[in-house]
Amino acid sequence: MKRQMRKGAKALVESLEKAGVEVLFGYPGGTVIDIFNELDTAKFQFVLGRHEQGSAHMADGYARATGKPGVCLVTSGPGATNTITGLATANMDGVPMVLISGQVSLSAIGTDAFQEADMSGICRAVTKHSFLVKSAAEIPETVAQAFYIATHGKPGPVVIDIPKNVQQELTDAQYPERVSLRAYHPEQAARTSELNKMAKLINEAKKPVIYAGGGVIAAGAAKDVASLAAKAEIPVATTLMGLGSFDEKSPLSLGMSGMHGSAAANWAINECDVLIALGVRFSDRVIGEVAKYAPNAKIIHVDLDPASIDKNVVAHLGICADVKDVLTTVNSRIKRAEHKEWVEKIATWKKEQPMTFPIMHKGVIMPQQVIEAIDKASNGDAVIVTDVGQNQMWAAQYFRHNHARRFLSSGGMGTMGFGIPAAIGAQFGRPDLDVVAVCGDGGAQMTFEEVIVAVEHKLPVTFVVINNNCLGMVRQWQELFYNAKYSGSILSPKGRGKNEKIPEDLDYDYLPDICKLAEAHGAKAYRVIDPKKLDAVMKEAIDSEKTCVVEVIVEPRANVYPMIPAGKSVSDMVFG
């Protein structure tokens, strides 16, 4: 039977359908017009962002919320380079993503043609792999390979760069039934001896701690972690990326560890005799002073990425394998155990140093109260998508994280501007759940233009802007480590000048007017200044079926505590 010839652009759309794409985020331009010309018959939905970076973050948010690869389509040159931050963000956090970029025609490559950019070279450091497609016949197989690479092994972003003339060529090539990559075999299996040794170490432990990261969520191993914790009575601490991998309502939950983690989590890791690290990369924001990290512990490190083993912390037992596969076997070899004294000691730490905050000025909302209001209004079940900075840490500390894939945040890259577009992507992926974006006034202004996408598609996303009129985390570091010299961190003109400072009163110039900006984009807007009205407004916004922006004016001097200063150890932890 003769196969039908069609343009490369059509072959691309068909291939994306075969790959299971449900939503495609993107922005058009000259070198992808041929592809856009085929989208009207596509079986998937196309979502027009308002900036390529925002479109990339939408694809990222979709992927984090669903576990499926996010897909983005942009044009060449500045369209493609605008996605680099989005690619780096996904790459750092192990998020599966496929970016399709247009490229100038093959004959024009290397001539400095209009909107030409060496995407393969530019994105090499921030992706798992990139393809430059040189013929239409390559498109179906390249798409299949890109999705395979993005989702196998440690997940990550892959770029497909397609020249304009390739999109216009005719081909009868079909999507392959299976993918085989000669040089890429990421599947890793633990040896029986390693599994036996892991079980033995856990069974002999007197003060064990499970340390769960984003790899637990990526592997779908949250239930396996819960089973291990319950069977051997092992307390569980998480990374920022691991929030939701263990139910924080459990008495065995220690919450988040690290620079702004709970005291109990950090003290437990510091004192434990066996640290079971699952799907983590031992970030500098967690380990601090390496020589003093978990000094009494035999460290078991399980991770699918071989580059993570022994990279930052040397493990007593390093196992390169899928976390779920490892736990499925090891859990059957673990003896039921009680660690009564250890658990009681940790419970005492929790009581002695709970996650709490002072009310600095009567009648002024503390930013931590905003997170508590979101938690209460959503009953702890919402998908929380954060921007980066103080707002991110407060969301990590004061929301009850009980479900995997419900806390989405830029961890490794720390990308301001992530919150708004990622929340939109998450809502497309999880229309059945409430989605709340937690942003600061700094990060919100970086990608606020994407709010129109939520309005346009009638998405009931709630965008919460915690407005302290400054770049809060930068201001906090300047206060603590730079003699309170607030250079460039105060957003109000009243706080700027030769001796930059926070005004003594709250009479800021709150610019831009977030509510007017929201209304201009078609969203429903709220401004909350009175603490007594916070809960009711948050409940109304989250329960609304409309796109809402809630601006909350908060105490500008509030800091994030506890805090272990960068490069320091648990003994240096400060509480305000």
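The chain is numbered in sequence order, starting from 1. These numbers come from the heavy atoms of this one structure, side chains and all, not from hydrogens, waters or symmetry mates.
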Start with the C-alpha gap between R333 and N196, add the side-chain angles, then the distance that decides, and say whether side chain to side chain donor-acceptor pair (under 3.5 Å) holds.
CA-CA 8 Å; R333 302 179 185 181; N196 289 338; 2.4 Å; yes
Inset, instruction - Could you walk me through whether H260 and Q397 pass side chain to side chain donor-acceptor pair (under 3.5 Å), step by step? - result: CA-CA 8 Å; H260 293 296; Q397 293 174 334; 4.9 Å; no
TODO: Measure from the side-chain N and O atoms of D284 to the backbone N and O of G567, and report whether any donor-acceptor pair falls under 3.5 Å.
DONE: no
**Item:** Donor-acceptor contact present, side-chain D303 to main-chain I309, <3.5 Å
**Value:** no
CG of D60 to CG of D93, rounded to nearest 0.5 Å, is 7.5 Å
>> Ring centroids only, cut at 6.0 angstrom: are Y398 and W394 within range, meaning strictly under it?
In response: no
Contact between Q390 and R475 at the side-chain level, heavy atoms closer than 4.5 Å - yes or no? yes
inquiry  = Main chain of K154, side chain of K128: is a donor-acceptor contact present, judged purely on distance under 3.5 Å?
reply    = yes
Exercise for review: Report yes if the side chains of F246 and L252 come closer than 4.5 Å at any heavy-atom pair, otherwise no.
Suggested key: yes
Output for pair (M256 CE, M355 CE), nearest 0.5 Å, gives 6.5 Å
TODO: Answer yes or no: is there a side-chain heavy-atom contact under 4.5 Å between D387 and Q392?
DONE: no
Between V274 and A205 the two heavy atoms that sit nearest each other are CG2-CB, 3.6 Å
| Contact check, side chains of M538 and V550, non-hydrogen atoms, under 4.5 Å | yes
Q. Taking the inter-plane angle between the rings of H401 and F399 on a 0 to 90° scale, is it parallel (under 30°), tilted (30 to 60°) or perpendicular (over 60°)?
A. tilted
Looking only at heavy atoms, the pair that brings A321 and V326 closest together is CB-CG2, 3.7 Å
Output for pair (M259 CE, N266 CG), nearest 0.5 Å, gives 10.5 Å
Applying side chain to side chain contact (heavy atoms under 4.5 Å, CB included), run through E555 and F357 and close with a yes or a no.
CA-CA 12 Å; E555 170 57 59; F357 57 91; over 6 Å; no
Ring centres of Y184 and H129 under 6.0 Å apart?
no
Between the NZ atom in K345 and the CD atom in E271, the distance rounded to the nearest 0.5 Å is 3.5 Å
Donor-acceptor pair, side chain of D310 and main chain of A315, under 3.5 angstrom = yes
F418 backbone acceptor or donor facing H57 side chain under 3.5 Å: no
Of all heavy-atom pairs linking I564 and G258, the shortest is CD1-O, 3.9 Å
Report, as yes or no, whether the 6.0 Å neighbourhood of atom CZ on R124 holds more than 12 heavy atoms from other residues, nucleotides or ligands. no
The reported gap from CE in M198 to CD1 in I319 (rounded to nearest 0.5 angstrom) is 5.5 Å
Which of K539, R400, R406, K249 passes salt bridge (Lys or Arg N to Asp or Glu O under 4.0 Å) with D375? Answer is R400
Y62 side chain reached by E22 side chain, heavy atoms, under 4.5 Å:
yes
With V435 as partner, the option from L408, V383, I542 fulfilling side chain to side chain contact (heavy atoms under 4.5 Å, CB included) is V383
Heavy-atom closest pair (N402 atom, G380 atom, distance to 0.1 Å) is ND2-O, 4.1 Å
### Task
Could you tell me whether the side chain of H339 reaches within less than 4.5 Å of the side chain of P235, counting heavy atoms only?
no
